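Okay, structure first, notes after.
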Amino acid sequence: MVTLTLPDGSKREYEGPVTGAQVAADIGPGLAKAALAVKINGEVCDLTLPISEDSAFAILTGKDEEALDVLRHDAAHIMAEAVKELYPETQVTIGPSIENGFYYDFARPEAFVPEDLEKIEKRMHEIVQRNEEIVREVWTRSDAINFFKEQGEHYKAQIIESIPEDQDITLYRQGDFIDLCRGPHLPSTGKLGKSFKLMKLAGAYWRGDSKNEMLQRIYGTAWADKKQLKAYLHMLEEAEKRDHRRLAREMDLFHFQEEAPGAVFWHAKGWTMFQNLINYMRKRQDDAGYVEISTPTVMDRGLWEASGHWENFRENMFTTKTEDDRVFALKPMNCPGGILVYKQGMTSYKDLPRRIAEFGKVNRYEPSGALHGIMRVREFTQDDAHIFCTTDQLQEECETIIALVMDIYKDFGFEDVRIKFADRPEKRLGTNAVWDVLETALRGALDKSAYPYSYNPGEGAFYGPKLEFVLRDAIGRDWQCGTLQVDMNLPERLDVHYIDEAGEKVRPVMLHRALFGSLERFTGILIEHYAGRMPLWLAPVQAVVTTITSDADAYAEEVFAALKSAGIRAELDVRNEKINYKIRDHSHKKVPIILVVGKREADEGKVAMRRLGGKDQEILALKESIDILCAEAKGPLAGN
RNA sequence: GCCGCCGUAGCUCAGGGGUAGAGCGCACCAUUGGUAAUGGUGAGGCCGUAAGUUCGAUUCUUACCGGCGGCACCA
């Protein structure tokens, strides 16, 4: 007797072993059709797997994310089958399900071209039509290796060789196609249905290692029904509309050009946003007990050798040689400069912690393929700071910074922030004993902060472990923004000290932290986050004054002047165009407030205030409208 | 850096071995219109750069530069 307990607590009893498919059919034909997989004692399994013990049991359909996972994995297999049928010389490697879809990596001498995707997709539909049964088989290790080697599938053979000895080797057979796979899978190819689409071609390294050969990856998306697929494709279109590169053009924020790959040409409007962010951070840092400095961009090679950058960061550094053969480097980080400022004069233990901030522009030679709009550039500005403190103060300083960064992100509407803890990398300075101290302190502060975090082994900076604060952008990409690093190595290398109570020289600990991280990247994330519709305090142009007819020009000038003198970033538009045209124009440019004035407003000393995207307008006395704008324009610093 | 794709007017894009076209934008003229496109006229291009093939290259080939999508790398 097998007793299955369903999610609603009801029980079903069977004489002997039973499959999920049978149970679904018993419950109803609709469910039998919709069933994609089952969950037995919390584990997702094949519908065809015989269940012979009492279990917690659930049927998964297209509504369950876990079933979609199975479906997408099947889509990957079906794509591989299609590719093998069309291009038999191709070797298949790995093909997992991913968020929203799947991919499969292929090894093939010729490159796939975009037209191939259409053919493959067509063949996939045929395979779905054939409704091939998908059968799970357990093979011996040697049989499986020999089989794949005979088939010329050397990557598969290699994967099997790396599977731990104690694990079963399972293969899934569908039609003539057999693939190594852990499963689970759908019972037949027909279950995939029609709601999938191949999306793009890309290169990917075998086993994710750039030392290995490059494979050809095909990405696809797959869903339980047409509606889901359509919604996803629509979401992609919407995401594209808020791409910061596109909005930057429409809003006249910045541009790039060949003469300076990976470096931003800020236009006046973009620069206003950038400066607004700096002003905001300057205020927050001032409140938090920081001072602000500025250090040179170009500094002698000797400094970088002393700091360890020459040894550990050389490939990312721009260097320059002057007429007298002296070698300089453009700073890729602000820390050595900050340390040199700290070292001027004597620091007493009474002065610690010393919190020294710098909006430092750094240059890093990033790999060309990494560049991405304003999010990933070769020249960027960090809201950097270096905090020198005693070991006793270390953990508390870390806690304060974690609290500060989270509070700052909240001001921009980012509530969902992921924290990653990264420890010692292979290429590093200092002894293991020092790293032990640093990692313990940083982790301690993190634990105390009670924010959940994930572990990023071996990803620390070369001088110390770090926390990374990660925000997710509109298109679902994750961006590392803030970072907090603790460091005893650079103070050692550059001989930093303070004088303790006994009058002895003591080595301080150093914290490196950036909260926005890169001002450039943070600006980009905000543009996408707000889809260009910046909150008033950040908007480059806060209000446009415009006229219905030229009768109101003189009054519009008055309104404009009043706004300017109240500190509002305003523009005046008295072009001889229809009001519809002007509204549309400024709406496209994402101006938050349009103040329309006609003869009526001019006569009565009023304005018609219209908000971006709004349907109607409010008629207000000029003074009142200015009060509203001024109050709103203060932004999150309003309380100060 | 690696794989694939792309580079034509300010923007979005069409075209194609005989030195180019649209829409939007811009300028000018007319129009003074109450909340997301008024009409007309006109100016704008060394067809990314360099070599090669050719009588002739923006078009074909190659290399380089830059961009896009991934991978790898990272704030």
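Worth saying up front: this structure is predicted, and the values here are computed from it rather than measured.
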What about [X], does its side chain sit under 3.5 Å from the base of [N] through a donor-acceptor pair?
X	N	result
A/Arg246	B/C11	no
A/Arg610	B/A36	yes
A/Gln485	B/A75	no
A/Glu259	B/G66	no

Could you work out which one of [options] sits closest to the side chain of [X]?
X	options	answer
A/Ser368	B/A37, B/G66, B/G1	B/G1
A/His372	B/A75, B/A36, B/G69	B/G69
A/Gln480	B/G33, B/A36, B/A75	B/A75
A/Arg249	B/C5, B/G33, B/U12	B/U12
A/Met214	B/C26, B/U35, B/C2	B/C2
A/Tyr205	B/G70, B/C2, B/U38	B/C2
A/Glu258	B/C11, B/C74, B/G48	B/G48
A/Ala202	B/G4, B/C74, B/G69	B/G69
A/Tyr219	B/G70, B/U35, B/A75	B/G70
A/Tyr581	B/C26, B/C73, B/G70	B/C26

Distance below 4.0 Å between [X] side-chain N/O and [N] OP1 or OP2:
X	N	value
A/Lys200	B/G70	yes
A/Arg217	B/G4	no
A/Asn580	B/A36	yes
A/Ser550	B/U32	no

Return the value, rounded to whole Å, for the distance between atom [atom1] of [X] and atom [atom2] of [N].
X	N	atom1	atom2	value
A/Ile98	B/G70	CD1	C1'	10 Å
A/Ile583	B/A37	CD1	C1'	13 Å
A/Arg600	B/G34	CZ	P	10 Å
A/Glu577	B/A37	CD	C1'	9 Å
A/Met375	B/C68	CE	P	12 Å
A/Arg378	B/G67	CZ	C1'	13 Å
A/Arg207	B/A72	CZ	P	14 Å
A/Arg245	B/C11	CZ	P	15 Å

[N] to [M] separation - [atom1] atoms, rounded to the nearest Å:
N	M	atom1	value
B/G52	B/A57	P	11 Å
B/A20	B/G4	P	34 Å
B/U58	B/U8	C1'	8 Å
B/A72	B/U53	P	43 Å
B/C71	B/U35	P	49 Å
B/G45	B/G34	P	39 Å
B/A50	B/G69	P	28 Å
B/A63	B/G40	P	49 Å

So do A/Phe313 and A/Arg364 actually touch side chain to side chain, heavy atoms under 4.5 Å?
-> yes
Any side-chain heavy-atom pair from A/Leu563 and A/Phe560 closer than 4.5 angstrom?
-> no
Kindly determine whether A/Asp69 and A/Ser97 satisfy side-chain hydrogen bond (donor to acceptor under 3.5 Å, both in side chains), including the steps that lead there.
-> CA-CA 6 Å; A/Asp69 223 48; A/Ser97 71; 3.2 Å; yes
Looking for any heavy atom pair under 4.0 Å, which part of the strands does [X] touch: base, sugar-phosphate only, or nothing?
X	result
A/Gly614	nothing
A/Ala514	nothing
A/Thr549	base
A/Val377	base
A/Tyr365	sugar-phosphate
A/Lys589	nothing
A/Pro367	base

Going by the angle between their ring planes, with limits at 30° and 60°, are A/Tyr409 and A/Phe469 parallel, tilted or perpendicular?
-> perpendicular
Ring geometry between A/His372 and A/His244 (parallel below 30°, tilted from 30 to 60°, perpendicular above 60°) | tilted
Any donor-acceptor N or O pair under 3.5 Å, side chains [X], [Y]:
X	Y	result
A/Asp487	A/His512	yes
A/Glu213	A/Tyr155	yes
A/Gln485	A/Thr483	yes

Which comes earlier along RNA chain B counting from the 5' end, the contact point of A/Leu371 or that of A/Lys599, where each point is its nearest nucleotide?
-> A/Lys599
Upstream residue (5' side of RNA chain B) when A/Ile548 and A/Gln257 are each assigned their closest nucleotide = A/Ile548
Does the structure show a Watson-Crick or G-U wobble partner for [N], both distances under 3.5 Å? Name it, or say none.
N	value
B/C71	B/G1
B/C28	B/G40
B/U61	B/A51
B/G23	B/C11
B/G17	none

Test A/Tyr280 against every option in A/Phe359, A/Phe522, A/Phe412, A/Phe274 by the ring pair (Phe, Tyr, Trp, His ring centres under 6.0 Å) rule and name the one that passes.
-> A/Phe412
Test ring-ring contact (aromatic ring centres under 6.0 Å, His included) applied to A/Tyr219 and A/Tyr103, step by step | CA-CA 4 Å; A/Tyr219 282 95; A/Tyr103 68 79; 5.5 Å; yes
Determine, answering yes or no, if A/Phe112 is stacked on B/G4 under the 5.5 Å centre rule and the 30° plane rule.
-> no
Have a look at B/G7 and give me syn or anti from its glycosidic angle (syn if within 90° of zero).
-> anti
